[in-house]
Colleague: 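One structure follows; several queries about it will come next.
All heavy atoms count here, side chains included; hydrogens, waters and symmetry mates do not. Every number for a ligand or one of its atoms is a count from 1 in the order of the listing.
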Amino acid sequence: MGYKEPAPIVDHENPFESMMSRFKIASEALGLDDEVYNVLKSPAKQVTVSLPVTMDDGSIRVFEGHRVIHSTILGPSKGGVRFDPGVNINEVKALAAWMTWKCAVVDIPYGGAKGGVCCNPREMSSGERERLTRAYTQSMIEIFGPDRDIPAPDMGTGPREMAWMMDAYSRTQGMTVNSVVTGKPLVLGGSLGRTEATGRGVMVSALAAMGKLKINPYKATGAVQGFGNVGSYAALLLEERGMKIVAISDISGAYYNKEGIDIQKAITYRENNNGSLEGLEGAEKINGDELLAMEVDVLIPAAMEDVITIKNVADIKARLIVEGANGPTSAKADKIINEKGIIVVPDILANAGGVTVSYFEWVQNRLGYKWTAERVNRRSDRIMKDAFETVYKTSIEYSVPMRIAAYIVAIDKVAKTYKYRGGY
Ligand code: GLU
């Protein structure tokens, strides 16, 4: 028997397990009874469909699509639709549950859902994406509805796809139903402020947390992982409030400048460069792991699930993590983060600005009235600040990290509502 390499540490969790482990800890802290725990632990409904789509070359490809409704206890279910090659039912289930907790944390009258199609939108033409979006909507016609289940954008989808969904749904109803989907283009009843809403909410929660930690934004540094819709606006709005953003990244790599990256310039560069930061000037190219391990005050993971795991958590040096993405930290990494004394503003709080303005969009559609950008921003900032304070106070009251506190606030709300409504 010679020397044996120690077994590598593997982060075996999938996003659903990560979600469940926090749900369990918070339910125990809250003293949730078994009955309600059992109601909330699995999705209310899950639908998987096969979507045959004619490709531009005349061939037919079959895509797999899902919609998971985790809960409708607080109201119609709400959540985005993801177009990504990594989409699978486990991920969609986790994301749907996170929507339930997210809507409850910011106190908006929605349950949680999520959808996804396993595809690579980057390799598809606009026509192929349109046919896929319409096929998906048609397959979900019994599920979607303005008082039933309301989709929105997520990774790989945006206003363009939402317009097709709204149109596909409306055609089946024989009238325009714009409140069936949010995140639409402005001319179709989209809300002012919706595009930047998630990033704006990240900025508001980052500033609220920095206030508690007595970090002056004018003296603070930040690193943003993921420069899509969420990360780019979070970076821009924090820069406007004094923070020096020293590193940003996208799939092309990470970019670092210790004097700070000019975020508006980076956004413009990305827009003129096919959506990629590749070749960005005025910054040194580093790798993604270096960005996560950077000595900054605030780290903003704004790309996707499971980027901070037990494999790299030991390297993290930021004082504060504000989660722009859904599920960027695996549950196993939580423990080490807490031991290191890093404060985390969790996803279900930090990125809830998007669904909050989605709610405002739905309200405006139903009113047949358009709010000004000032009204949208003022109201969403207020909701985000109030939610932050509630979660912060709960974390002190229960002596738990903010992540568990956010779950406690959410589960408590959903459980109380369930008790009033009752089961069969
Ligand atoms: N996909 C976004 C999220 O994860 C927005 C959902 C919505 O607006 O309904 O929060």
Colleague: Do Tyr359 and Tyr110 have ring centres separated by under 6.0 Å?
Modeller: yes
Colleague: Who pairs with Ser249 by side chain to side chain donor-acceptor pair (under 3.5 Å), at least two apart in sequence or on another chain?
Modeller: none
Colleague: Can you report which non-hydrogen protein atom sits closest to atom 5 (C) of ligand 1, along with the distance?
Modeller: Arg194 NH2, 3.5 Å
Colleague: Is there a nitrogen or oxygen of Ala152 sitting under 3.5 Å from a nitrogen or oxygen of ligand 1?
Modeller: no
Colleague: For Lys114, counting its heavy atoms only, list the atoms of ligand 1 lying under 4.0 Å from any of them.
Modeller: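 So the answer, numbered in order with elements, is 1 (N), 3 (C), 4 (O).
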Colleague: Which one of Met162, Glu361, Lys78, Met99 has a non-hydrogen atom at the shortest distance from atom 6 (C) of ligand 1?
Modeller: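 The nearest heavy atom belongs to Met99.
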Colleague: Check whether any heavy atom of Lys102 sits under 4.0 Å from an atom of ligand 1.
Modeller: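 The answer is yes: ligand 1 sits under 4.0 Å from a heavy atom of Lys102.
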Colleague: List in chain and number order the residues that pass ring-ring contact (aromatic ring centres under 6.0 Å, His included) with Trp371, two or more places apart in sequence or in another chain; answer none if no residue qualifies.
Modeller: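 So Trp371 forms a ring-ring contact (aromatic ring centres under 6.0 Å, His included) with Phe360.
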Colleague: Tell me which part of Thr198 gets within contact of ligand 1: side chain, backbone, both or neither, using heavy atoms under 4.0 Å.
Modeller: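 Within the 4.0 Å criterion, Thr198 makes no contact with ligand 1.
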Colleague: With the threshold set at under 4.0 angstrom, would you say Arg82 reaches ligand 1 through any of its heavy atoms?
Modeller: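 Arg82 does not count as a contact of ligand 1 under the 4.0 Å cut-off.
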Colleague: Would the Phe23 and Tyr37 ring centres measure less than 6.0 Å apart?
Modeller: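 Yes, ring centres under 6.0 Å apart.
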Colleague: Apply the side chain to side chain donor-acceptor pair (under 3.5 Å) test between Ser191 and each candidate in Lys184, Gln364, Glu361; give the one that qualifies.
Modeller: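 Answer after filtering Lys184, Gln364, Glu361: Gln364.
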Colleague: Quick check on Pro153 - does any of its heavy atoms sit under 4.0 Å from an atom of ligand 1?
Modeller: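 Under 4.0 Å: yes for Pro153.
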Colleague: Would you check if the side chain of Asn272 reaches a backbone N or O of Thr268 as a donor-acceptor pair within less than 3.5 Å?
Modeller: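 Yes, Asn272 side chain to Thr268 backbone: donor-acceptor pair under 3.5 Å.
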Colleague: Any chance CG of Asn38 has more than 12 other-residue heavy atoms, nucleotides or ligands included, within less than 6.0 Å?
Modeller: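 Counting other residues, nucleotides and ligands, CG of Asn38 exceeds 12 neighbours.
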Colleague: In ligand 1, which numbered atoms sit nearer than 4.0 Å to a non-hydrogen atom of Ser358?
Modeller: 7 (C), 8 (O), 9 (O)
